Amino acid sequence: MKNKRFAIVLDTERCIDCKACTVACKAENDVPLGPNNYRNWVVASKLRGKYPNLGQSYTPSQCQHCSNAPCEHVCPTRATFTSSDGIVDVKEEKCIGCKYCQTACPYNARYYNEETGAIDKCTFCAQRIYAVPPRLPACVDTCPTKVRAFGDLNDPNSEVSLLLARNPSKVLKPAMGTNPHLFYLD
Amino acid sequence: MSAFKNRPKLFVWMAILLLGMAAGAAGVIHVLIVGHAQSYNVTREIPWGLLIATYVFLVVSSTGLCLISSLGHVFGMKQFEFIGKRAILLAILTLLCGFGAIGMEINHPIRMGIYTILSPNFSSAIWWMGTLYGVYLMFLCAEFYFLMKGMHKGAFTMGVLGFTAAVSAHSNLGAVFGLLEARPFWHGSFLPIYFIVSALVSGCALIGMIVYFNHKKSGAPMPLKYADFMDTLGRLQILTLMTLVFFVVWKIIPGIYGHPPEKYEATMSMISGPFAFNFWFFEVLMGLVIPLCILFPKKTRTPTGVMFAGLSSTIGIFFMRYDLVIIGQLVSMREGTAELVNGLLQYTPSLSELGITIGAICTCLFLYTVAERLLPLDPEEH
Amino acid sequence: MANPKKQKMSRRKFLGISSCALTTAVVGSQVKVLKALAKSGDISEPVAAITKDVYTSCGMCVNKCGVIARVRDGVIHKLDPNPNFFPKSRGMLCARGNAGTKVVYDPDRLKYPLIRVGERGEGKWRRASWEEALDMVTNNMNQIAEKYNRASMMFASTEGTFSEHFFLQLAECYGTPNTLRHPTLCLSSNIQGFSATFGTNPTPDVKNADYIIMSGANRAEALMTPDSIDMIKTDGGGRRKLVYLDPRFTKTAAKADEWYPIKPGTDMAFILALINVIITEGLYDDDFIEENTVGFEQLAQHIKQYSPGWAATECDIPAKDIRRIAHEFANAAPSAVYYQGRRSSFFQNDTQMRRAMAILNAIVGAWDTKGGLLPNKKIALTKHDYLAPWYDDVPDRLDKGGVTYLSEKDGSWPVFRDRALAADPYPIKGMMVYKQNVLVSVPDRAKSLELMKQMDFICTIDITMSDTAWYSDVVLPEATYLERLDPPENLSGPVPVVAFRQPCVEAMFESKTNFWIMQQLAKRLGPEIAETFDFTMEEHIHHMLKKKPEIYDALFGKGVYYEDTEPEYGRLKGKRLRTRSGKIELYSEKYAKKGLDPLPVYKSPDKVPTNMYRLLVGRHAYFTHGTTANNALLHDLMPENTLWLAPSEARKLRLKNGQMVKVKSKVGEEKLKLEITEKIRPDSVYMAHGFGVLSKGLSNIAGVGGSDAALIESKYCPISGNCAMHETFVQITPA
Ligand code: SF4
Ligand code: SF4
Ligand code: SF4
Ligand code: SF4
């Protein structure tokens with residue numbers, strides 16, 4: 001766990017908005033049913049242009065595992081915390097359900113999970129990446145076109161490090177200063 | 001029952017309050033049975049709803065009462081001294097009912113009690129706000145105790161401490177919103193300051209009503225001393241209201257000028273969007289214009305006038321709280337979330353939320369009415 | 001969130017089907033569902049059991065992707081893609097595949113045999129023992145054989161179950177020729193058109209093609225492995241160009257390099273114009289044509305009439321674009337394909353349209369070569385042989401002679417149904433259904449209901465209360481694909497694989513495998529029939545793998561068996577094709593003999609009448625046909641269907657976004673929500689499939705949305721018998 005900094009790099013050009021990632025995540029992480037309960041999502045952009053010259057893009061996303069995470073700063077009981085590997089997580093038993101983190105997260109990455117009685121969000125599928133043998137996060141693994149790549153930024157040879165080295169990339173809402181760890185290839 | 005015998009008005013008043021409390025109880029029971037998600041209309045996108053607004057309204061009232069009453073026993077303005085007990089009592093009750101409202105809004109109040117102490121986060125504005133309001137409550141109680149016992153020294157000390165706590169707790173409440181970079185409509189140093197100013201308005205309004213109804217119930221005409229006080233209060237209220245007008249104007253202009261992203265959409269929802277009625281009718285007309293129109297002319301600045309002005313602005317202020325809380329969340333964090341109407345998210349309070357809000361306010365008034373009857377709140381005559 | 005109340009309501013649901021009332025809160029975790037079921041007495045409390053990984057294959061659609069089921073404490077917790085399944089599924093699992101857990105742990109599942117007690121379709125049932133239900137089925141089968149004829153029983157079934165052949169075996173042993181399979185609701189015209197040209201129905205080499213033209217196949221949403229993936233991923237070959245024709249702006253359109261909202265029904269005009277340019281401008285592959293084809297002269301002659309200018313007016317695609325695309329296509333050839341769809345045909349001329357596609361591919365030499373059309377390969381498995389009893393008074397199939405080329409096993413749904421309704425030449429009185437959802441899949445639902453009404457007896461085997469089950473007399477609960485040991489299945493393709501299924505958990509409730517049900521019915525139909533089913537599934541599997549026992553280990557060891565990972569190119573070079581001439585038939589002698597057009601002749605589709613719209617159907621990636629809309633996880637993605645209408649038309653009709661509208665065709669009328677969108681041609685409307693169900697046993701979607709099957713008229717291709725899904729016009733009015 002030490003000396004790791006996990007991140008996801010996305011190539012949205014490949015996304016077909018099939019929502020396999022969303023369903024896989026809900027199944028893997030026992031996210032309660034309901035259209036508003038989810039840890040990841042796909043944004044379909046507004047339709048561009050006028051018929052018959054149209055365009056649309058699809059941007060999958062989830063918690064950005066910000067290294068300057070507003071959700072963590074605002075949590076009154078430190079239920080939200082960042083692990084040494086960069087994963088921002090929630091200690092269920094400490095969450096008081098004030099939803100301050102929900103208003104603080106600029107990405108709408110959090111929801112209140114009524115079954116666990118705590119705020120819930122993407123955990124980079126810690127239960128999978130630390131399993132023996134390790135498995136990729138569910139959304140990364142299941143994607144037909146492999147939009148997401150997952151790995152350790154502290155390892156210069158990991159797929160994510162290589163992708164970021166070789167290609168220009170962006171993060172969402174950089175002006176928020178959250179320092180996200182979901183990178184979008186240009 | 002005999003207490004009501006000769007007081008049909010009191011009977012009606014108490015009946016109304018009990019009804020309101022029953023609505024609150026129904027709301028609470030509904031929440032306890034079916035859970036938060038089923039009973040509240042808050043969503044993933046708009047996690048804070050009417051109950052947060054009610055909380056803010058009630059604690060602003062509390063702060064306002066504390067600040068205005070401290071003019072008397074802290075700052076030595078003789079005219080204000082006689083309202084001390086009542087103001088502090090109501091400050092305690094509004095604060096407690098505010099806690100009740102937020103206690104219903106958050107999912108785990110018990111965990112809160114445990115982990116705010118075991119695992120405090122000093123960078124959290126909510127932590128500071130909660131803690132400071134807790135301290136503030138203690139000071140208020142002590143102050144009330146000393147006042148009741150006639151221990152002026154103690155009351156003064158507690159008054160000073162209470163005043164300090166009120167200002168810091170309340171500006172921290174502003175900071176709860178103001179520190180959220182993600183919400184441009186709230187973000188910045190504006191809200192902490194604005195909250196203090198609006199608390200003063202609340203305080204004046206409520207004290208005007210307390211004094212008026214207190215004398216109304218005795219049936220006797222208001223002594224000149226109190227009528228004079230009402231006039232002073234009315235003029236003070238003009239000052240606070242005018243300051244508030246100034247704040248409202250300067251909240252709006254930067255929200256529109258140059259169309260700052262997200263802030264603009266939120267501000268426009270207030271000026272011409274779904275919140276326009278709330279804003280223009282309740283906030284501006286009832287909250288500011290009507291009170292000012294009553295208070296400015298000497299002719300209408302009578303005790304009754306001051307009371308009406310207070311009532312009107314209190315209603316206006318409730319909507320200011322509600323609008324502030326909701327509008328700050330109306331702009332979606334990302335494209336494609338939920339269904340947007342004219343580019344904005346939507347929120348309408350559920351029956352449970354309405355019930356609990358009504359219940360909290362009625363409980364507060366009910367307890368005050370009872371206390372008024374049981375406790376010797378009139379000032380000792382010097 | 002326009003209506004937060006409504007969305008929240010759906011999280012809790014209450015359902016009662018007479019005797020099998022079930023009340024449960026629908027929650028995220030399987031364990032909780034099980035607990036709820038245990039509470040209501042439907043199953044015994046789950047005991048902490050095995051935690052294991054199980055290889056199997058997905059059964060949510062026809063792709064049969066490789067799955068690893070993660071079983072935790074006896075409960076299927078998660079389905080993960082099997083990376084070993086690479087040649088076909090490329091190690092993915094789509095939304096539906098991931099939602100498979102909710103098929104097993106579905107409060108709406110059929111739990112035990114049900115026998116109807118009220119009127120058909122009234123939804124009154126009683127719980128029955130398997131004994132009683134099975135006896136009832138065979139008694140009725142025997143009665144029908146006595147009263148009418150064995151051919152008066154029809155057997156309808158669908159693909160993808162790995163167990164369909166047992167059902168067909170029972171039909172044959174019982175003695176009816178009338179089996180109705182899915183191809184005439186799907187790809188029969190495609191097979192027909194391509195086979196008439198190449199002697200086989202080939203597969204496009206999407207991964208390696210430099211240039212793809214796609215029409216009638218929305219591959220980014222109608223997921224087909226590995227095409228959907230290869231179309232998007234660019235690490236296969238060099239970057240290709242994707243030209244996409246569709247009256248709707250689909251997700252494939254969003255991914256395509258060029259999208260043309262072609263006028264529905266004019267694809268053939270576009271293709272013929274491409275051929276015209278390629279031939280008149282000499283862009284074709286001379287050597288290839290010389291060596292491998294027959295009939296080029298006739299084609300060159302025939303194609304003269306179809307100029308780009310002419311096609312432009314037909315299909316609303318500018319002539320200069322058609323010309324340019326023809327050039328680009330021919331330049332990229334042979335690494336270029338005109339991608340044939342695979343699914344329902346849209347128009348009555350579908351077979352000839354597919355012929356045009358095949359011919360276009362052939363003249364640029366995109367055949368049996370990298371980036372072109374590839375003949376499929378198969379890994380040979382040993383078939384189960386049985387001796388069906390002989391009955392001498394059994395007539396031909398009811399739909400025999402109804403179309404030019406009728407598949408003996410598949411039949412043609414629209415033709416069959418018309419004849420059955422007329423009892424021409426004999427009556428159909430009994431219906432056995434295995435997982436086909438006739439009322440949702442076959443166009444003109446009213447007619448299908450008529451058909452069911454005239455039955456003496458209907459039995460449906462399924463896992464949920466489909467509309468068809470809802471109108472049956474006996475409903476038998478099948479074990480789901482995650483609870484069955486299924487025989488190996490050969491998935492043919494350029495890189496063929498063998499897939500299989502093994503149970504991840506024990507079958508829940510009283511559900512049974514189709515194989516068991518067939519055995520039981522066979523036993524009751526007499527020793528002669530029982531004997532043809534006298535083996536265990538394990539024996540059957542070993543028998544099938546007799547010639548290659550190593551497949552067995554591969555299947556159980558890594559979930560899949562295959563021999564190559566890359567297609568073999570030039571496999572049929574110099575070999576005789578399975579056409580009359582042994583070559584690629586640009587001109588079809590066979591068709592000429594049958595009195596059909598030997599070369600595709602274009603006919604304009606019917607004009608859309610004024611004040612009407614053409615109703616389009618189409619897939620999206622969240623549902624499989626009419627079978628998964630009720631799945632709790634998928635329902636979250638799409639809780640209802642809408643009618644797409646262009647803004648200009650909505651303005652004309654004074655309709656508002658989101659309002660309810662009435663959609664009326666010649667055969668039916670449905671109500672659903674309007675969605676105003678630029679994504680569709682102004683002369684057409686579209687609605688997704690799978691809603692507007694009649695069954696109240698599908699609690700998430702009962703009473704929601706509209707059914708396309710209720711609106712579509714039953715027109716069909718006279719050559720293949722395939723349904724024509726786009727020949728229905730509708731009127732839209734406010735509801
Ligand atoms: S699974 Fe992949 S392709 Fe599908 S929506 Fe998610 S990111 Fe996009
Ligand atoms: S994306 Fe939101 S929830 Fe995730 S770390 Fe950043 S602020 Fe927190
Ligand atoms: S990493 Fe895991 S928890 Fe996070 S979105 Fe993907 S599947 Fe969900
Ligand atoms: S495409 Fe999806 S539903 Fe079809 S077999 Fe593959 S995973 Fe299952």
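Labels below follow one simple rule: chain letters A, B, ... track the order of the sequence lines, proteins then strands, and each chain is numbered from 1. Nothing here was measured: the structure is a model prediction, and the numbers come from that model.
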Looking at B:Ala182, B:Gly35, B:Ala125, which makes the most heavy-atom pairs under 4.5 Å with chain A?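 Most heavy-atom pairs under 4.5 Å with chain A: B:Ala182.
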Only pairs of heavy atoms separated by less than 4.5 Å count here; which of B:Pro120, B:Ser119, B:Gly130 has the most with chain A? B:Ser119
Given heavy-atom pairs under 4.5 angstrom as the criterion, report whether the side chain, backbone, both or neither of B:Glu105 touches chain A. both
Heavy-atom proximity to chain A below 4.5 Å, by part of B:Leu180: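 Interface part for B:Leu180: side chain.
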Could you tell me which of [options] has the largest number of non-hydrogen atom pairs under 4.5 Å with chain B?
options	value
A:Thr59, A:Thr103, A:Val74	A:Thr103
A:Ala79, A:Ala118, A:Pro70, A:Cys95	A:Cys95
A:Glu72, A:Gln102, A:Arg78, A:Arg110	A:Arg78

Side chain, backbone, both or neither: which part of [X] has a non-hydrogen atom closer than 4.5 Å to chain B?
X	answer
A:Lys46	both
A:Tyr107	backbone
A:Ala175	backbone
A:Ser61	neither

Does A:Arg135 pair with A:Asp141 as a salt bridge, N-O distance under 4.0 Å? no
Between B:Arg111 and A:Glu93, is there a side-chain N and carboxylate O pair less than 4.0 Å apart? no
Using the six-membered ring wherever Trp is involved, compare the ring planes of B:Phe195 and B:Phe177 and label them parallel, tilted or perpendicular (cut-offs 30° and 60°). tilted
Anything under 30° is parallel, anything over 60° is perpendicular, the rest tilted; go ahead and classify B:Tyr264 against B:His259. parallel
Given the side-chain rings of A:His181 and A:Phe6, with only the six-membered ring counted for Trp, is the space between their centroids under 6.0 Å? no
CD1/B:Ile110: more than 12 non-hydrogen atoms of other groups inside 6.0 Å: no
